[in-house]
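What follows is a set of notes on a single structure, which appears directly below.
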Amino acid sequence: MSSININNTEDEYNLLIEFVHKHLDFHDAEIKSILDMHNIKLGIDCHFKSLPIDQSNTTTASNTTRRPFKLLSFSFNSIIDGEFSVFDGNIDKKETKKGKTINLVSSLSRCTLIRSVIELWGAGVNIDDCVTSIKNGNALQRHQSCKHLGHSNNKKYEERTWKIYVHTLGSTHTRDEQNAMRSKFSFLSFPGKVQMKDSDDEYLFIKEVELDNKGGAVYPRHSDSKQIIPENDSRPPLACYFGRVLGSSTLGRNWRANNRLEQYSLKKRAYLGPTSMDSELSLIMTNLAQIRKGSMAFDPFVGTGSILLTAALRGAYAFGTDIDLRVLRGRSQDENIASNFKQYGLPPPELVRSDNALYDRQYRNHLPLFDAIVTDPPYGIRAGARRTGSRKESVKPILDEHRHDHVAQTRPYVVSDVMADLLNVAAMTLNMGGRLVYVIPSMLDFNEDEDLPRHECLKLSSVCYQPLQTELGRRTVTMVKIKEYDEKKRSQYLENTWVNGAVSAEKVANLRERLLEVAKLKPNYAEKAAARKQKRKANKDAKKKAKREQQEGITDGKSQWNSY
């Protein structure tokens, strides 16, 4: 297919969604979750169209996966006063065919992985096909009448300032080369003034090339010495696109940059632990969980609260539990979970020291409470899972005067049981339609169809894979509650968690030991392990020395003070 039909029917309106080239397996799941959260149904209110690809070129046609674009198409008649209107089933069809009206641009801006959204005017496998697509469509006529998304300043078409920006993924072009590309669109003859900064309309020409997993060009145009590589330069693009950028004065073209995601970076947090979830994936998880203002969000393995913090940023009421009282209390008054929330002007979360394995004994469980459960359970790779109890057969009772600061004994918590209890608590406590989103690490032999934990009350919505090492990756799993929990079937729920029983459960257990076994097979493992051990010992000794010197300094200071 050398070109696609863009806006060539009166009722078709197309958006080109550009993603960042990160978390590639999450693109579809996140945008579908956001659309569903705003009552926009794929296949009914809108649908995805195929991107252009030159089928005659077998080299490029075979490399079409992981493209950072989605083409979203919907009815032009669903646009009312610059916003998107969807049918509400509760409204009488005789009165109106529309229901709830939403700001589609604002809704899509919640997607962590979207870089920009373009009102698509034309597309093809090369720039000439793209121009032809525009000429055959009706986007310019719609733009002249200002009857589409994004016009809020009510300026007349003749008065609107504009500019055309050239975006070439993974390659660099000179100003003259970019001007040559712009000249292809001179037939549009926009009447307003050209204004390169803060223009009313920004038009974008995109030349798409094949990208690697890190977002760089598979066939770079320039060498390291910045010389053009002729064989790479002569390769045809995957596709070319032209359209009007949708956004606002705060969003601009690069939504991620203007949303200032870096302000939520873990590096800027007052309180962190060794397993704190990175902010970007946490934000994606809150979108998969469809957390919004007023949602009740729960993390049963809260740790230092990094996931719960992003839930609160979405406007949720945050509730978390953990078995480790020391983690919940934090290191000091200035280094604890509450201090992280205070840093971003958020109310502190509700925190309780409790054991998720004993949830039904520690809380009232007869009524659902949460809209979303978002968590990163412990798997024993960096921090082992623990549950209430002792390895000793007889345990001494705790005296009343010691209970206020007592740290309860714990024993190892088998990972397969961690997951079984997590799903069971979710089925018990989620409201109907509520979502469970969790992360599960896995090796290469993991089979999603057989090895993911299941529950009769929860329906699998999406599984997104993120590779971490050659042998290890992690999956972010989203499940939706579809059936009321029956307390009488609790034992049956737990027994049926793993499709293949112990075989499936073993796939998420003992990951640390399995990773070590794989590592030992690599060349020079013993030497590298010895070097790492020596480095850890040196760091430990340095910390002890620094602590000792600090204590000695405090002691000397007290002695000098007492001498006066």
Side-chain angles (χ1 to χ4, degrees), residues 17-34 65-70 110-115 211-216 256 261-262 264-267 272-291 299 301 303-304 306-311 372-383 385 415 418-419 422-423 435-453 460-479 504 507-509 511-512 514-515 518-519:
I17 299 171
E18 180 188 7
F19 295 93
V20 294
H21 217 260
K22 293 179 65 177
H23 297 295
L24 303 179
D25 208 36
F26 290 74
H27 292 173
D28 285 6
E30 187 183 27
I31 191 172
K32 287 176 181 178
S33 180
I34 292 297
T65 59
R66 306 305 187 194
R67 298 173 68 176
F69 295 99
K70 276 284 183 183
R110 259 198 61 148
C111 289
T112 310
L113 297 173
I114 286 182
R115 180 178 182 180
L211 301 179
D212 58 26
N213 290 333
K214 296 182 179 180
R256 282 169 58 85
L261 291 177
E262 70 277 2
Y264 307 125
S265 170
L266 292 183
K267 297 177 181 179
L272 283 179
T275 60
S276 296
M277 177 66 72
D278 71 87
S279 56
E280 186 170 53
L281 186 55
S282 295
L283 287 165
I284 296 171
M285 291 173 72
T286 61
N287 280 338
L288 296 175
Q290 298 187 348
I291 292 176
D299 184 351
F301 305 100
T304 56
S306 57
I307 293 178
L308 214 56
L309 176 66
T310 55
I373 297 177
V374 188
T375 189
D376 180 18
Y379 294 100
I381 298 177
R382 299 184 69 181
V415 177
V418 172
M419 297 311 305
L422 173 62
L423 267 63
R435 293 190 163 209
L436 165 67
V437 180
Y438 67 89
V439 175
I440 181 169
S442 54
M443 304 283 282
L444 293 177
D445 60 347
F446 193 87
N447 185 329
E448 291 179 2
D449 295 329
E450 298 179 355
D451 298 329
L452 280 175
L460 186 65
S461 176
S462 65
V463 182
C464 305
Y465 181 69
Q466 179 188 11
L468 300 176
Q469 303 173 8
T470 305
E471 301 84 8
L472 179 68
R474 62 182 178 184
R475 287 166 168 81
T476 300
V477 182
T478 304
M479 305 184 81
S504 293
K507 296 289 183 68
V508 297
L511 286 180
R512 181 181 177 85
R514 294 179 67 192
L515 286 171
V518 173

Is any side-chain heavy atom of [X] less than 4.5 Å from a side-chain heavy atom of [Y]?
{"X": "Leu211", "Y": "Pro68", "value": "yes"}
{"X": "Leu281", "Y": "Phe26", "value": "yes"}
{"X": "Leu283", "Y": "Asn287", "value": "no"}
{"X": "Leu460", "Y": "Glu448", "value": "no"}
{"X": "Leu436", "Y": "Leu422", "value": "yes"}
{"X": "Asp376", "Y": "Met285", "value": "no"}
{"X": "Phe69", "Y": "Ile17", "value": "no"}
{"X": "Met479", "Y": "Leu423", "value": "yes"}

Under 3.5 Å, side chain of [X] to main-chain N/O of [Y], donor-acceptor pair present?
{"X": "Gln290", "Y": "Ser33", "answer": "yes"}
{"X": "Thr112", "Y": "Glu280", "answer": "no"}
{"X": "His27", "Y": "Arg67", "answer": "no"}

At their closest point, which heavy atom of [X] faces which heavy atom of [Y], and how far apart are they?
{"X": "Cys111", "Y": "Ile34", "result": "SG-CG1, 3.5 Å"}
{"X": "Ser279", "Y": "Leu266", "result": "N-CG, 4.3 Å"}
{"X": "Phe301", "Y": "Pro377", "result": "CD1-CA, 3.9 Å"}
{"X": "Asp299", "Y": "Ile307", "result": "OD2-CB, 4.0 Å"}

Quick one: [atom1] on [X] to [atom2] on [Y], what's the gap to the nearest 0.5 Å?
{"X": "Leu452", "Y": "Ile440", "atom1": "CG", "atom2": "CD1", "result": "6.0 Å"}
{"X": "Phe19", "Y": "Asp28", "atom1": "CZ", "atom2": "CG", "result": "6.5 Å"}
{"X": "Asp212", "Y": "His21", "atom1": "CG", "atom2": "NE2", "result": "7.5 Å"}
{"X": "Arg110", "Y": "Ile291", "atom1": "CZ", "atom2": "CD1", "result": "8.0 Å"}
{"X": "Lys267", "Y": "Asp278", "atom1": "NZ", "atom2": "CG", "result": "11.5 Å"}
{"X": "Thr476", "Y": "Glu30", "atom1": "OG1", "atom2": "CD", "result": "11.0 Å"}

Item checked: Check against side-chain hydrogen bond (donor to acceptor under 3.5 Å, both in side chains), Arg435 and Thr478 -> CA-CA 7 Å; Arg435 293 190 163 209; Thr478 304; 5.4 Å; no
Next item on the list: Apply side-chain hydrogen bond (donor to acceptor under 3.5 Å, both in side chains) to Ser306 and Ser282, showing your working.
Entry: CA-CA 7 Å; Ser306 57; Ser282 295; 4.7 Å; no
Check: Between Arg475 and Ser442, does a side-chain contact (heavy atoms from CB on, under 4.5 Å) hold up when you go through it step by step?
Finding: CA-CA 7 Å; Arg475 287 166 168 81; Ser442 54; 2.3 Å; yes
Note to self: side-chain contact (heavy atoms from CB on, under 4.5 Å), that's the test. Do Met277 and Val439 meet it? Break it down for me.
What the structure shows: CA-CA 10 Å; Met277 177 66 72; Val439 175; 3.8 Å; yes
